[in-house]
Structure formats: C-alpha cells, structure tokens
Amino acid sequence: MVCMKDHLPDLSTRLVHHDYSPPPGFMAPQPGVYKASTVIFPNVAVMRSREWKDKSGYTYGLHGTPTTFILEERLCTLEGGLQCLLVPSGLAAIANVALALLKPGDEVLIPDNAYGPNKDLAHAELARLGIKPVLYDPLNPADLEARLTPATRLVWLEAPGSVTMEFPDLCEQVRICRARGVTTALDNTWGAGLAFAPFDLLGDGTLGVDVSAHALTKYPSGGGDVLMGSVMTRDPALHMKIKLTHMRLGLGVAGNDAEAVLRALSSIGLRYRAHDEAARRLAQWLQQQPAIAQVLHPALESSPGHAHWKALCGAAQGGQGAAAGLFSVMIDARYTQQQVDAFCDGLRLFKLGYSWGGPMSLVVPYDLATMRSRPAPHLAPGTLVRFSVGLEAVEDLRCDLEQAMARAFPPLDPSAAG
Ligand SMILES: *Cc1c(COP(=O)(O)O)cnc(C)c1O
C-alpha cells in the first residue's frame, strides 16, 4: 500500500485511535469507572519522570487508576487512615501485611480465635519461610505480653474473634505492644470503621493500631458479590514498606469491582445499623430458647468480653453501641451433630454459606474442636452455629429460626439438665 501523507487510516485503526473526547465538567452522584492495565503517557520524558510510588500520576493499572484512588481515599475517611492499598481479597490484605513486615527468624503473634485462614497462612506459608507463628489467648493481655520476645515483629489483633465472638481488651493489647515497640495489625472487618476508630481507640488521638486490614468483601461491598481487601496505615514509611511488597506481588483490583464497592460504600452506615439491630433482636430472642446453651454476641452482657465491647463500641451509633450483624450460638450438648445439621438444613431464609455482610442471612455450623489450640472454658459445651443476619424483615427471620428449631430440637428432659 502507498502511505500517502493524508491517507485516511483503516476503520479498525480509527476505532482504536479515536480522537473524540467528551466535554469536561460531567457530574453525577457516582464517580466514573476507569479500567486500565496500560496507562498512556503523552511523551517519553513524562513516561521516564512519572513516579508510581505516590499518587501524583498514573503509570500502570496495578499502581492505580482514578477509580481505585477515589476508593482508597473514601476508605481512609471511613477508618481514619492516611494511606490505603487495595488488594483482591481480605485474606490477600492479611498476606500482604505479613509478607511485607516479616522475615526469616521473626515471630508473629496471632489470637487463638483469629480468622482461620490467617492462622493457616502463618502455619503453612510463613512457617515455610522460617517465620514462627505463636498463638495467644485473646482474653488475657498478660498471656499476650508473656509471649512477646525480642524476635516478635508483628502482633495480629481481632475484635471480636472470628466465629466465637469474644471481645478482647483491644486498648490494653495495643498498649502492651506499643511499650515493646512491636507493630500491631488489626483485622478490622467486623468493626468496619463504624464500631470504633482503629487508629484512635480512645477518641483523644493517643492510642491506635499501626495497620488496619479490612475484608471489603463484607460490609463495604454489602452485596455478597465482590471480593476485595484493604490495608490502611497512618505512617508513610510503614505504608511504603507494605506498598513495595504489594507491587512486587502483583496485587491490584479491577475497576468494575472498585466501582461496585464505591457504589455501596455510601450506604454502609445505614446497612451496618440495620444488620446490627436485627442481629441483636434475634440474639436476645435466642437466649430465651431452651435448645440454646449460650449466645455469643458482644453486645449481650453474658457474652465473653462484653465489658470491653461496651468500653470501645458503646458510644457508636448515637449511644446504642455498634455490633455488626454477626453472632454465634452454642446448641445444647445433648443434641447430636445430626440434629444440629438438620436444624441448619431446615432453615429456609438463612442460607448455608460462608462470608457475611450481604443482604441475605447466612448460617454455618462449625466444628470448634478443629479451630482452637487450647480449651476455651468460657464457651458452653455444645455445637457452634454462626449466623450472619442480612437485611430481611427481622420477624420473618425469627419465624424461620423458630420453625427449624421446633422440627430439629425435641424438648429436653428438664430433670437431666446439661
Ligand atoms: C472474610 C474475612 C476475611 C477475608 O476476607 P476475604 O475477602 O473472604 O478473603 C478476613 N478477616 C475476617 C475477620 C473475615 O471475616
């Protein structure tokens, strides 16, 4: 072909190199969605000079787009952080923190009631790298303190613990780590930035965690349809350390997923309160039911660590406290595993499924024996069932629990109390 000066490029070329740009000044309630692996530079000089390590410009999709930067900034507003990194899941947030801050010979402390995959990551991947995981008692700050050694580089915190819902003395745990100069990382998925301020636990700017990791999969996404995580800090050096590992591991999120979380984030306060109110009503009602030996919900006075929940979260939501939509029950030990399974199968609105924070109520039976390194005497004997309360009408959920219990749990002989 002859390449004439004014030759009109082929249609396929013109569709790729189209020169129309829409007029500036478009405004709408939601920000636009930018999707990119490749980012285009205007010339070589700009390409060479642009810095990927800060947010002064764009270099590559993995290092951020306008859509991911907006989500990071809004999450900082939610949790009170100054720097935020987005990762493909909550578990990836935990892994990013651990791999950035730990090296062979180091020890990492994890609460015995931590999110299970955090412990699995430590016992498999980290141990293989020569990093020693040490489990501590989340209800006894002295036990945490006793397990700190000169090799301890990172302490994971979780409030409340996953599945068993014990609320630790988070402030005392952070004070102990601070005094020893050990970095603290909180799994803040349950609190979500709404129940308490992770970087300002006392409300006076004097005490906070170093890192807040958050499974955005839960309340920020709110739909049960997006996997994402975040790692938040208030220290530029700590952030950069985690960010370098983030980059080297190739972690990033897609624009469409970031957009889904942005869209849901504006209603997180309303949703969190609705999940919370419904969960508390159901937890209180379950406490009265004869088949239930114990209800594990931090806002209930009888639940382990309730006083610590009240001290940290009691002022949230206009003084009624904040407690998410999650709780567990111990089913009376006189009922068999088969009967507990039949109860879970018999629920119609509560669906069997992992994760939480979405509109649909969920239920999971857990085998506590496989989840703990040591006995937990504060838990009543029995079989554990965890509920995630969605956004259905609470009376419908209560009726669902009632019908499934009536069918699965025949009355117990009161003379053989257990
Ligand atoms: C769900 C969850 C995670 C992990 O989130 P994914 O996005 O599912 O990987 C981490 N921590 C807690 C406490 C969780 O509940």
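One-based numbering, in listed order, for ligands and for the atoms of each.
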Novice: Looking only at protein heavy atoms, which one is nearest to atom 4 (C) of ligand 1, and how far off is it?
Specialist: Tyr115 OH, 3.3 Å
Novice: Among protein heavy atoms, which lies nearest atom 9 (O) of ligand 1, and at what distance?
Specialist: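 The closest one turns out to be Leu91 N, 2.8 Å.
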Novice: Please identify which atoms of ligand 1 are closer than 4.0 Å to at least one heavy atom of Glu158.
Specialist: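 Result: 13 (C).
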Novice: Taking non-hydrogen atoms only, is Ser162 closer than 4.0 angstrom to ligand 1 via side chain, backbone, both or neither?
Specialist: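 Answer for Ser162: side chain.
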Novice: Looking only at protein heavy atoms, identify the closest one to atom 6 (P) of ligand 1 and say how far it is in Å.
Specialist: Gly90 N, 3.3 Å
Novice: What class does the angle between the rings of Phe350 and Phe387 fall in, given that below 30° is parallel, 30 to 60° is tilted and above 60° is perpendicular?
Specialist: perpendicular
Novice: With heavy atoms of Lys218 as the reference, note each atom of ligand 1 found under 4.0 Å away.
Specialist: 1 (C), 2 (C), 3 (C), 14 (C), 15 (O)
Novice: Would you sort out whether Arg178 and Asp210 count as a salt bridge (Lys or Arg N to Asp or Glu O under 4.0 Å), showing the intermediate values?
Specialist: CA-CA 9 Å; Arg178 274 279 158 92; Asp210 297 307; 3.6 Å; yes
Novice: Distance to 0.1 Å, residue and atom name: give those for the protein heavy atom nearest to atom 7 (O) of ligand 1.
Specialist: Thr217 OG1, 2.5 Å
Novice: Write out all pairs satisfying ring-ring contact (aromatic ring centres under 6.0 Å, His included) with one or both partners inside residues 354-374, taking only residues at least two apart or from two chains.
Specialist: Tyr219-Trp356
Novice: When you look for heavy atoms under 4.0 Å from ligand 1, do you find them on the side chain of Trp190, its backbone, both, or neither?
Specialist: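 Within the 4.0 Å criterion, Trp190 makes no contact with ligand 1.
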Novice: Show, in sequence, the C-alpha distance, side-chain angles and deciding distance for Arg147 and Glu107, and conclude whether the salt bridge (Lys or Arg N to Asp or Glu O under 4.0 Å) test is met.
Specialist: CA-CA 10 Å; Arg147 289 174 197 278; Glu107 296 178 9; over 6 Å; no
Novice: Which of the numbered atoms in ligand 1 are below 4.0 angstrom from a heavy atom of Ala215?
Specialist: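 Per the distance check, 2 (C), 3 (C), 4 (C), 5 (O).
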Novice: Under the salt bridge (Lys or Arg N to Asp or Glu O under 4.0 Å) criterion, do Glu402 and Arg398 qualify, and how do the steps go?
Specialist: CA-CA 6 Å; Glu402 190 169 74; Arg398 195 191 62 72; 3.2 Å; yes
Novice: Does some non-hydrogen atom of Trp356 fall short of 4.0 Å from ligand 1?
Specialist: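 Yes.
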Novice: Scan Thr383, Leu296, Thr164 and name whichever one has a side-chain contact (heavy atoms from CB on, under 4.5 Å) with Met330.
Specialist: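 In the set Thr383, Leu296, Thr164, the residue that makes a side-chain contact (heavy atoms from CB on, under 4.5 Å) with Met330 is Leu296.
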Novice: Mind listing the closest non-hydrogen atom pair of Met405 and Ile292 along with its distance?
Specialist: SD-CD1, 4.2 Å
Novice: Please list the nearest protein heavy atom to atom 12 (C) of ligand 1 with its residue and the distance rounded to 0.1 Å.
Specialist: Asp187 OD2, 3.4 Å
Novice: Stepwise, does the salt bridge (Lys or Arg N to Asp or Glu O under 4.0 Å) test hold for Asp106 with Lys103?
Specialist: CA-CA 6 Å; Asp106 289 349; Lys103 61 178 188 319; 3.1 Å; yes
